[in-house]
Amino acid sequence: MSTTICKRSLFFILGYFLLTAFSVSAQQADAENCNLCHGLALFGIATPSDGLRSFEVTSEAYKHSTHRNVICRDCHTDINAFPHPEEVKKVECSKACHISKPFALTGYSHVQQAEAHAISAHGSNPEYSDEKNAAHPDCKYCHSNSFRNEIKDEVLEKSSQHCLRCHEGEGLAGVILHVSSHSGHRTAEASVKVVKLCSSCHADQSRMKQFDVNLTQVAGYERQFHGKALKRGLDEVANCMDCHRNHLILPADDPNSSINRNNIQQTCSSNGSCHTNATAKFAVAAIHSEPTTQNNPIIFFVEWGFIILTAGTMALLFAHILLDFGRWVGDTWMRRKEK
Amino acid sequence: MSQDYTRFSVNQRLQHIFMFVPFIILVLTGFPIKFPESQFWSVVMSAAGGIDKARVIHRFAAGIMILDFSFHILYVFYNLIKKRPSLSEMHLLPTKRDGQNIIQNLKYFLFLSDERPRFHKFSYIEKFDYWAVFWGMFIMAGSGLVLWFPVQVSTFLPGIVIQIAYVAHSDEAMLALLAIIIWHFYNVHFNPRIWPANKVWFKGTLTEEEMEYEHPLELEEIKAKKETL
């Protein structure tokens with residue numbers, strides 16, 4: 001009895017703490033009063049080169065945004081004077097900002113993610129030209145600057161479901177930590193959006209042609225069960241990131257890649273709700289590519305076998321039906337003529 | 001005096017019902033995943049309660065269909081052992097006469113002959129239906145079970161089997177659906193001589209006139225047997 005009371009009051013205190021913590025930091029985020037100007041409706045400039053540029057940051061939207069706890073100058077580091085300099089650098093996500101991780105009290109930054117991205121297939125490659133490297137997605141390509149996107153409660157709820165897929169074993173404490181830390185920044189996207197985001201480059205021939213990347217991967221995914229079931233709303237199937245990771249995306253021939261021959265079995269079975277105890281044989285099944293006579297002759301010929309079998313059978317059956325029907329029409333016509 | 005002739009026993013009629021009811025459910029819960037962008041199948045999918053429920057329903061219906069088919073196999077073996085029929089009494093087996101019947105029927109269709117082929121208990125049309133389901137059951141149930149338990153299957157079979165099962169399940173489903181809608185439905189519903197439906201699957205009997213038209217050889221044999229009694 002006393003333990004339940006104890007637990008309940010613990011939750012109450014925890015909840016109260018979270019509530020106050022967020023409301024305080026939300027106020028702190030505009031401690032430097034940027035919204036005095038930037039909160040004005042239609043605040044912006046018109047230049048001959050860029051056209052209209054909006055600098056409006058609605059305070060209501062900002063309060064509900066991913067970065068609501070971060071003061072503006074944590075990211076816009078070179079805006080130190082008023083009036084602001086004409087040319088400012090673009091925001092870099094790996095810069096350390098002045099908020100701390102919930103429950104950890106350590107400084108927070110996206111350095112870890114940026115470092116993983118740098119060595120991933122999406123990072124800069126010294127052998128590539130600048131132009132080619134610029135075609136790689138940077139942080140902001142995938143994490144669109146979302147200060148105008150409000151985080152709604154139902155989105156949070158759905159996202160925490162997504163967390164539970166991996167963190168089932170870590171208990172409630174782990175979940176609370178996870179959800180509370182994620183509620184501070186952008187939460188896991190719905191799988192459909194992940195596929196859409198990755199497809200925006202990987203299904204685009206003009207963007208992919210300079211890289212040695214198989215263009216059939218997106219179409220191949222959509223032909224397989226994961227892709228089809230996802231389109232029908234089955235959220236638990238694997239999206240791109242579930243197998244390829246989020247930041248440390250590496251090509252299959254890299255020994256550290258999650259889809260390397262030696263790691264793929266682990267990848268298939270790693271998520272609690274995915275293919276638990278996946279065997280090595282299970283993991284080699286091609287889940288993507290469009291079968292050709294070269295890369296997957298067995299499936300290629302099975303598919304064609306079925307096409308020929310179906311078309312051939314239907315042609316014969318149709319012919320039989322049409323002839324049968326023709327005889328009936330002829331008979332009926334002759335009977336009428338006799339009358 | 002015209003009399004009715006039993007064509008299908010209650011047991012056989014129930015086997016048919018326990019085959020086609022799951023078949024319809026399997027089509028309705030499976031095809032929305034085969035065609036994930038089709039608006040038509042979206043309506044069906046939401047009627048089935050979304051993909052989560054549809055997957056459970058699909059497997060339940062599959063279980064019933066597999067049980068029905070297994071029962072049929074046992075039923076066939078039981079009858080083979082009990083009645084010990086001669087080859088000519090196993091009416092569902094394809095014979096040389098089916099070939100002759102096909103040629104005769106084609107002649108009839110093309111007005112080259114006014115004589116319809118005289119069928120025994122099962123015409124080649126019905127035999128095709130039967131064996132198509134037979135083949136289809138092995139492909140669909142086999143591949144379906146592989147897809148239901150892919151990890152377990154991969155402990156004793158190579159991974160390519162899962163991929164083959166995925167293709168086969170989807171494509172054979174299409175073949176089966178087309179065969180039913182085009183061939184079976186024409187022969188038992190849409191054929192203007194039959195329209196709107198051949199009710200033998202429900203009643204189990206044919207009238208003497210129907211027997212005379214559809215199964216004259218069988219009728220002859222029945223009558224000959226009666227006379228010898």
Side-chain angles (χ1 to χ4, degrees), chain A residues 222-225 227-237 265 268-269 274-287 289 291 296-307 309-314 316-332 334, chain B residues 32-38 41-42 45-46 50-52 54-55 102 105-106 108-111 114 116 124-125 128 132 139 147 150-176 178-179 182-187 190-193:
Chain A
E222 290 182 338
R223 280 161 55 96
Q224 292 295 327
F225 180 74
K228 288 188 173 188
L230 184 62
K231 280 192 186 155
R232 281 284 176 221
L234 192 69
D235 205 38
E236 70 197 55
V237 293
Q265 185 184 351
C268 295
S269 56
C274 291
H275 306 283
T276 330
N277 305 326
T279 62
K281 284 185 203 159
F282 172 86
V284 296
I287 200 68
S289 54
N296 207 338
I298 297 178
I299 296 302
F300 181 85
F301 288 116
V302 168
E303 280 187 357
W304 273 102
F306 268 107
I307 290 171
L309 177 70
T310 307
T313 313
M314 288 309 128
L316 290 177
L317 298 187
F318 248 119
H320 191 280
I321 287 169
L322 283 178
L323 289 174
D324 182 70
F325 190 71
R327 174 77 205 203
W328 177 80
V329 171
D331 282 348
T332 317
M334 281 197 288
Chain B
I33 302 177
K34 181 172 169 68
F35 299 114
E37 277 165 39
S38 138
W41 289 111
S42 289
M45 177 102 292
S46 36
I51 188 168
D52 296 280
R55 291 176 84 200
I102 291 174
N105 218 7
L106 287 177
Y108 171 75
F109 289 162
L110 296 168
F111 295 92
D114 271 339
R116 287 180 73 244
Y124 67 88
I125 294 169
F128 179 85
I139 303 282
L147 297 174
V151 173
Q152 289 87 334
V153 166
S154 71
T155 55
F156 56 91
L157 287 174
I160 189 83
V161 172
I162 301 169
Q163 294 179 64
I164 293 174
Y166 181 76
V167 173
H169 199 72
S170 176
D171 290 358
E172 174 65 27
M174 194 71 205
L175 179 53
L178 288 175
I182 293 172
W183 185 243
H184 190 57
F185 279 13
Y186 178 78
N187 291 315
F190 303 133
N191 187 328
R193 305 172 191 90

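Interface remark: B:Asp114 contributes backbone and side-chain atoms alike to the contact with chain A (heavy atom separation under 4.5 Å). In this structure, chain A has no heavy atom under 4.5 Å from any part of B:Ala54. For A:Phe225, the parts lying near chain B are the backbone and the side chain together; criterion is any non-hydrogen pair under 4.5 Å. Residue contact with chain B, scored on non-hydrogen atoms closer than 4.5 Å, involves the side chain of A:Ile298 exclusively. Contact annotation for B:Glu172: both backbone and side-chain heavy atoms come within less than 4.5 Å of a heavy atom of chain A. Of the atoms belonging to B:Ile125, it is side-chain heavy atoms, and not backbone ones, that fall under 4.5 Å from chain A. Only the side chain of A:Thr313 comes within contact range of chain B, with heavy atoms under 4.5 Å apart. Of the two parts of B:Ala179, the backbone and the side chain both hold a non-hydrogen atom closer than 4.5 Å to a non-hydrogen atom of chain A. Looking at B:Ile162, the atoms closer than 4.5 Å to chain A (heavy atoms on both sides) all sit in the side chain, from C-beta outward. Proximity to chain A (any heavy atom under 4.5 Å) is shown, for B:Tyr108, by both the backbone and the side chain. With a threshold of 4.5 angstrom between heavy atoms, B:Ile102 does not approach chain A through any atom at all.
In the displayed structure, B:Phe111 atom CZ is contacted under 6.0 Å by more than 12 heavy atoms of other residues, nucleotides or ligands.
With contacts defined as side-chain heavy-atom distances shorter than 4.5 Å, the pair B:Asp171/A:Thr310 does not qualify.
Checked by atom type, the side-chain pair B:Ser154/A:Thr279 shows a donor-acceptor distance below 3.5 Å.
Put simply, of A:Arg223, A:Lys231, A:Lys228, A:Glu222, the one with the most heavy-atom pairs under 4.5 Å next to chain B is A:Lys228. Highest contact tally toward chain B, considering only A:Ile299, A:Leu309, A:Asn277, is held by A:Ile299 [criterion: heavy-atom pairs under 4.5 Å]. The candidate from B:Tyr124, B:Phe35, B:Phe190 with the greatest count of non-hydrogen atom pairs under 4.5 Å with chain A is B:Tyr124.
Although no hydrogens or angles enter the test, the distance criterion places a donor-acceptor pair under 3.5 Å between the side chain of B:Ser46 and the main chain of B:Ser42. Remark: the backbone N or O of B:Gly159 is not paired with any side-chain donor or acceptor of A:Lys281 at under 3.5 angstrom.
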Exercise for review: With side-chain contact (heavy atoms from CB on, under 4.5 Å) as the test, would you mind laying out the steps for B:Met174 and A:Phe306 before giving the verdict?
Suggested key: CA-CA 10 Å; B:Met174 194 71 205; A:Phe306 268 107; over 6 Å; no

Check your understanding: What do the steps show when you test B:Phe128 against A:Leu317 for side-chain contact (heavy atoms from CB on, under 4.5 Å), and what is the final call?
Key -> CA-CA 10 Å; B:Phe128 179 85; A:Leu317 298 187; 3.9 Å; yes

Practice item. I would like to know whether B:Trp41 and B:Lys34 meet side-chain contact (heavy atoms from CB on, under 4.5 Å); could you show each step before the answer? Key: CA-CA 9 Å; B:Trp41 289 111; B:Lys34 181 172 169 68; over 6 Å; no

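Applying the side chain to side chain contact (heavy atoms under 4.5 Å, CB included) test between B:Ile160 and each of A:Val302, A:Val284, A:Asn296 identifies A:Asn296 as the sole match.
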